Amino acid sequence: THWDRGTEYYAIEWRGTWKREQGGAVLGHAIHNHDLLCAVFGPVKRLSAFGATRVNPIEVEDCASISFEMENGALATSSITLGSASNTTRLRFCFENLMAQSGDIPYAPAQGDWTFMAREPVTQDQIDECIAGVTNPLSGFTGLFSAIADRLDGVPSSAVTISDGRRSLELVSAIYHSMRTSQYCTMPLDDSHPLYEGWLPDST
């Protein structure tokens, strides 16, 4: 998640503060990328995170580096900065026989043009044949409301659930905990975790 956010962006009073924005680049900019990561790989088992404020004179972080170990054994990394010269969001998944990479649309990477590249012994022809049979799903609010309608009709759907929302907020809590303690954070978090009720610093 490499975006360009400067003085003009933070001229709005509530931005860049813990009390009003509730977080920085992890919460407000990279959260959907992390949602997509978990949608593909499943839950996070543990993580280690570093954060810093390097681009703007704000309270919250505008740069972060995060390492994830997923429950299924996959390893993932997240690189976040608000000091890029352009707005780019990209996902890259390296599987045993396939590399899949999104386009770089900053606010909707899943909607961009994806690249699928074969890795031996799978051939590119096999990948291309598989991709040719896949239809583009509805996206944005159209996709959201369609998925909700399917769920209400009892049809299997990809609608975002309350548990998905909880997982997203729980992940933010774990990232901020790791940043502040310089320790791994294991998930899921239970009610004994110091950030279970929220991640805002005590000073806010």
Side-chain angles (χ1 to χ4, degrees), residues 1-3 5 10 13-83 89-95 107 109-110 144 147-148 151-152 156-204:
T1 307
H2 294 173
W3 292 7
R5 294 290 184 269
Y10 285 106
E13 184 180 0
W14 58 268
R15 287 179 175 163
T17 65
W18 283 110
K19 185 175 183 179
R20 294 177 178 173
E21 194 168 16
Q22 306 283 303
V26 168
L27 176 69
H29 299 83
I31 192 167
H32 298 308
N33 245 10
H34 296 157
D35 289 341
L36 290 168
L37 173 71
C38 293
V40 173
F41 279 145
V44 175
K45 179 179 179 181
R46 63 175 182 160
L47 61 84
S48 177
F50 296 89
T53 307
R54 298 289 173 87
V55 184
N56 294 283
I58 56 177
E59 294 177 7
V60 296
E61 83 290 342
D62 54 21
C63 297
S65 176
I66 310 163
S67 295
F68 302 95
E69 179 184 5
M70 315 304 284
E71 284 188 4
N72 67 3
L75 300 177
T77 60
S78 176
S79 168
I80 307 166
T81 182
L82 301 185
T89 300
R90 179 174 290 118
L91 292 137
R92 176 180 285 180
F93 298 100
C94 298
F95 299 101
Y107 313 121
L144 170 65
I148 291 172
R151 180 62 62 90
L152 292 173
S157 78
S158 58
V160 175
T161 65
I162 291 176
S163 61
D164 293 328
R166 176 191 170 92
R167 179 179 66 184
S168 186
L169 295 176
E170 183 179 47
L171 187 57
V172 172
S173 297
I175 291 169
Y176 282 137
H177 178 75
S178 180
M179 284 181 180
R180 294 170 189 170
T181 63
S182 299
Q183 298 177 345
Y184 285 111
C185 188
T186 302
M187 301 181 68
L189 308 183
D190 61 29
D191 59 8
S192 67
H193 191 274
L195 298 190
Y196 187 81
E197 298 292 339
W199 57 74
L200 296 187
D202 293 338
S203 61
T204 60

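These numbers come from a predicted model, not from an experiment. Numbers here simply count residues along the sequence, with the first being 1. Side chains are part of it too, since the values below use all heavy atoms of this structure and drop only hydrogens, waters and symmetry mates.
- By the 4.5 Å heavy-atom criterion applied to side chains, Tyr176 and Leu27 are counted as neighbours.
- In this structure, Trp199 and Val26 have side chains that are not in contact, with every pair of non-hydrogen atoms separated by 4.5 Å or more.
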Apply side chain to side chain contact (heavy atoms under 4.5 Å, CB included) to Arg151 and Thr161, showing your working. CA-CA 10 Å; Arg151 180 62 62 90; Thr161 65; 3.6 Å; yes
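- Summarising the geometry, atom SG belonging to Cys38 is positioned 9.5 Å from atom CD belonging to Glu71; distances are rounded to the nearest 0.5 Å.
- Arg180 is listed as a side-chain neighbour of Pro201, based on a closest heavy-atom distance under 4.5 Å.
- The shortest side-chain heavy-atom distance between Ile148 and Leu144 falls under the 4.5 Å cut-off.
- Looking only at distances, a side-chain donor or acceptor of Glu59 sits under 3.5 Å from a matching main-chain atom of Trp18.
- To the nearest 0.5 Å, atom CD of residue Glu61 and atom CD1 of residue Ile80 are 7.5 Å apart.
- Checked by atom type and distance alone, the side chain of Thr53 pairs as donor or acceptor with a backbone atom of Val60 at under 3.5 Å.
- Judged by distance alone, with hydrogens and angles left aside, the side-chain atoms of Asn33 form no donor-acceptor pair with the main-chain N or O of Leu91 at under 3.5 Å.
- Thr77 contributes no side-chain N or O that, together with a main-chain N or O of Ser67, makes up a donor-acceptor pair within less than 3.5 Å.
- Here the OG atom belonging to Ser173 is positioned 9.5 Å from the CZ atom belonging to Arg166, to the nearest 0.5 angstrom.
- Around the CG atom of Leu152, the shell of radius 6.0 Å holds more than 12 heavy atoms that belong to other residues, nucleotides or ligands.
- Scanning both residues, Thr81 and Gly83, for their nearest heavy atoms gives OG1-N, 3.0 Å.
- Considering only heavy atoms from C-beta on, Leu171 comes within 4.5 Å of Leu47 through its side chain.
- What you find for Ala64 and Met179 is that their closest heavy atoms are CB-CE, 3.7 Å.
- Within the 4.5 Å cutoff, the side chain of Tyr10 has no heavy atoms near those of the Val55 side chain.
- Of the possible polar contacts, none joining the Ser178 side chain to the Ile175 backbone as a donor-acceptor pair under 3.5 Å is found.
- Ile66 and Ala49 make their closest contact through CG1-CB, 4.0 Å (heavy atoms, listed as atom of the first residue, atom of the second, distance).
- For the residue pair Phe93 and Leu36, the shortest heavy atom distance occurs at CZ-O, 4.5 Å.
- In this structure, Glu170 contributes its side chain and Pro188 its backbone to no donor-acceptor pair below 3.5 Å.
- Residues Leu37 and Ala76 share a closest heavy-atom pair of CD1-CB, 3.8 Å.
- Legend: residues meeting ring-ring contact (aromatic ring centres under 6.0 Å, His included) with His193, ordered by chain and number and at least two apart, are His177.
- Comment: Arg15 does not engage Glu21 in a salt bridge, judged by the lack of any side-chain N to carboxylate O separation of less than 4.0 angstrom.
- No more than 12 heavy-atom neighbours from other residues, nucleotides or ligands sit within 6.0 angstrom of OH on Tyr184.
- Between the side chain of Asp62 and the main chain of Asn56, a donor-acceptor pair closer than 3.5 Å is present.
- Pairing each heavy atom of Gly42 with each of Met70, the nearest pair is O-CE, 3.1 Å.
- Between the side chain of Ser168 and the backbone N or O of Asp164 there is no donor-acceptor pair closer than 3.5 Å.
- In this structure, the side chains of Leu82 and His29 come closer than 4.5 Å at one or more pairs of heavy atoms.
- A 4.5 Å side-chain heavy-atom check between Glu69 and Leu75 finds at least one atom pair inside the cut-off.
- Residue Phe50 qualifies as open at atom CZ: its count of foreign heavy atoms under 6.0 Å is 12 or below.
- Separating the NE2 atom in His34 from the OG1 atom in Thr1 is a distance of 6.0 Å, to the nearest 0.5 Å.
- Summarising the geometry, atom CD belonging to Gln22 is positioned 10.5 Å from atom CG belonging to Leu169; distances are rounded to the nearest 0.5 Å.
- Taken from CG in Asp191 to OH in Tyr196, the straight-line distance is 5.5 Å, to the nearest 0.5 Å.
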